[in-house]
Amino acid sequence: MNHILRFDDVQLYYEHVYALKGVSIAVNEGETVALIGANGAGKSSILRAITGLRRVRSGEIHFGGRRIDGTPPDEIVRMGISMVPEGRRVFPFMSVRDNLLMGAFTRSDTAEIHESLDRVLARFPRLKERYSQAAGTLSGGEQQMLVIGRALMARPKLLLLDEPSLGIAPKLVQDIARSIVAINRDEKVSVILVEQNSRMALRVSHRAYVLTTGKVALSGPSEEMRTDERVRRLYLGGEV
Ligand SMILES: Nc1ncnc2c1ncn2[C@@H]1O[C@H](COP(=O)(O)OP(=O)(O)OP(=O)(O)O)[C@@H](O)[C@H]1O
Ligand SMILES: [Mg+2]
């Protein structure tokens, strides 16, 4: 299978913190890959390395056959990588509509932008109901849908989601989990899903990597990981 993204032995430091200690991972075309692991394991650092927000110390990152480490963040967005960062930051005083249109800032194809907008609204009917409402008045779960929708407006080939379930009511977590599966299937977009909610992440992904203190500790098909004794003990609270 073709890799859309590949990390070869990537090391990343913050001033005194050795955050990624030689990480090698790959995402195949069309795949959803979960990154799970405890607080501080390096999950968000992997996403920051991909998007160019943080320079890697050594190793290589390839996207669609091109080496991208060292490429500026705006160029990476234009190449087809969109990230939904931790903490779902909407533009609170702007409408749902305008928040979504901000996601298309790299595009100039007006007719197609409106087609993308219709697709996002069809995917998240709650956003359609709140189309003209200020984004800051949405619930946490609705804001999460909005930032995912905004990322899709760039028409990415690779979508990076950092903890979309954090602090969201269980009912909406189910909705978001379902929409991640649907987006991956319908929009021909590969997905990297970072999650503390390992149970959800292993349900919606094809493969998963478990990170511990800056290293890949385990990896494999998500279905196998769900029943792996070590994963169950450490990350799923013992039951599946
Ligand atoms: N800006 C920063 N400056 C210094 N150290 C940082 C910075 N950002 C992250 N770190 C450190 O790097 C390590 C990896 O952090 P990272 O944010 O990648 O973890 P994470 O797996 O995303 O954790 P969480 O689940 O809590 O979000 C941690 O030890 C963290 O304290
Ligand atoms: Mg994080």
Side-chain angles (χ1 to χ4, degrees), residues 5-27 32-61 63 68-73 76-77 81-90 140-141 143-144 147-148 150-151 156 158-168 170 172-173 176-177 180 190-205 207-220 222 225-226 228 230-237:
L5 183 91
R6 206 179 73 236
F7 264 49
D8 290 332
D9 203 17
V10 168
Q11 302 198 23
L12 184 148
Y13 288 78
Y14 301 97
E15 236 132 293
H16 303 292
V17 180
Y18 188 14
L20 299 180
K21 303 175 182 169
V23 168
S24 298
I25 61 172
V27 178
T32 295
V33 166
L35 302 180
I36 61 178
N39 288 118
K43 306 180 295 298
S44 300
S45 297
I46 289 180
L47 302 190
R48 286 182 208 120
I50 297 171
T51 53
L53 293 177
R54 206 75 213 185
R55 251 176 196 284
V56 306
R57 170 76 60 97
S58 65
E60 296 186 3
I61 305 174
F63 173 68
I68 61 163
D69 48 283
T71 306
I76 290 197
V77 175
I81 301 180
S82 280
M83 170 152 82
V84 176
E86 272 174 283
R88 48 173 180 282
R89 274 177 282 271
V90 299
Q143 291 187 10
Q144 188 64 55
V147 290
I148 294 173
R150 190 171 66 199
L158 176 64
L159 177 66
L160 312 176
L161 301 172
D162 200 346
E163 309 221 21
S165 81
L166 196 69
I168 286 176
L172 283 184
V173 172
I176 285 167
I180 293 168
S190 306
V191 179
I192 299 183
L193 172 63
V194 165
E195 264 299 338
Q196 290 275 338
N197 184 341
S198 313
R199 200 178 295 270
M200 183 272 248
L202 293 179
R203 244 190 359 255
V204 308
S205 57
R207 285 188 308 117
Y209 292 90
V210 177
L211 286 150
T212 48
T213 55
K215 287 201 185 103
V216 174
L218 285 170
S219 66
S222 302
M225 305 275 266
R226 281 207 298 264
D228 186 299
R230 292 161 296 181
V231 176
R232 287 176 57 160
R233 204 173 49 239
L234 290 170
Y235 301 104
L236 299 175

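Read the numbers this way: they start at 1 and go in the same order the structure lists the ligands and their atoms. Below, all heavy atoms of this structure are taken into account, side chains as well, without hydrogens, waters or symmetry copies. This structure is a prediction, so every number in the text was calculated from the model and none was measured. Position 1 is the first residue of the sequence, and the numbers go up from there.
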Do the side chain of [X] and the main chain of [Y] share a donor and acceptor less than 3.5 angstrom apart?
| X | Y | value |
| --- | --- | --- |
| Ser222 | Ser205 | yes |
| Lys43 | Ala38 | yes |
| Gln143 | Val90 | no |
| Tyr209 | Ala26 | yes |

What's within reach of the Mg ion (ligand 2), meaning protein N/O/S atoms under 2.8 Å?
Ser44 OG
Evaluate the side chain to side chain contact (heavy atoms under 4.5 Å, CB included) criterion for residues Val216 and Leu211: first the C-alpha distance (whole Å), next the side-chain angles of each, then the deciding distance (0.1 Å), finally the verdict.
CA-CA 5 Å; Val216 174; Leu211 286 150; 4.1 Å; yes
Going through the distances and angles, do Val194 and Ile46 end up as a side chain to side chain contact (heavy atoms under 4.5 Å, CB included)?
CA-CA 10 Å; Val194 165; Ile46 289 180; over 6 Å; no
Would you be so kind as to tabulate the donor-acceptor pairs closer than 3.5 Å made by side chains of residues 82-89, with sequence neighbours excluded?
from: Ser82; atom 1: OG; to: Ala151; atom 2: O; distance (Å): 3.2
from: Glu86; atom 1: OE1; to: Ser44; atom 2: OG; distance (Å): 3.0
from: Arg88; atom 1: NE; to: Gly140; atom 2: O; distance (Å): 3.3
from: Arg88; atom 1: NH1; to: Leu166; atom 2: O; distance (Å): 3.0
from: Arg89; atom 1: NH2; to: Glu86; atom 2: O; distance (Å): 3.3

Only one of Gln144, Met200, Arg199, Gln196 clears side-chain contact (heavy atoms from CB on, under 4.5 Å) with Ser165; which?
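The option that passes is Met200.
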Would you please name every residue forming a side-chain contact (heavy atoms from CB on, under 4.5 Å) with Arg54, sequence neighbours left out?
Leu12, Tyr14, Arg48
Give the residues near ligand 1 by chain and number, with the criterion being a heavy-atom distance under 4.0 Å.
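Residues within 4.0 Å of ligand 1: Tyr14, Val17, Ala19, Ala38, Asn39, Gly40, Ala41, Gly42, Lys43, Ser44, Ser45, Arg48, Glu86, Glu163, Gln196.
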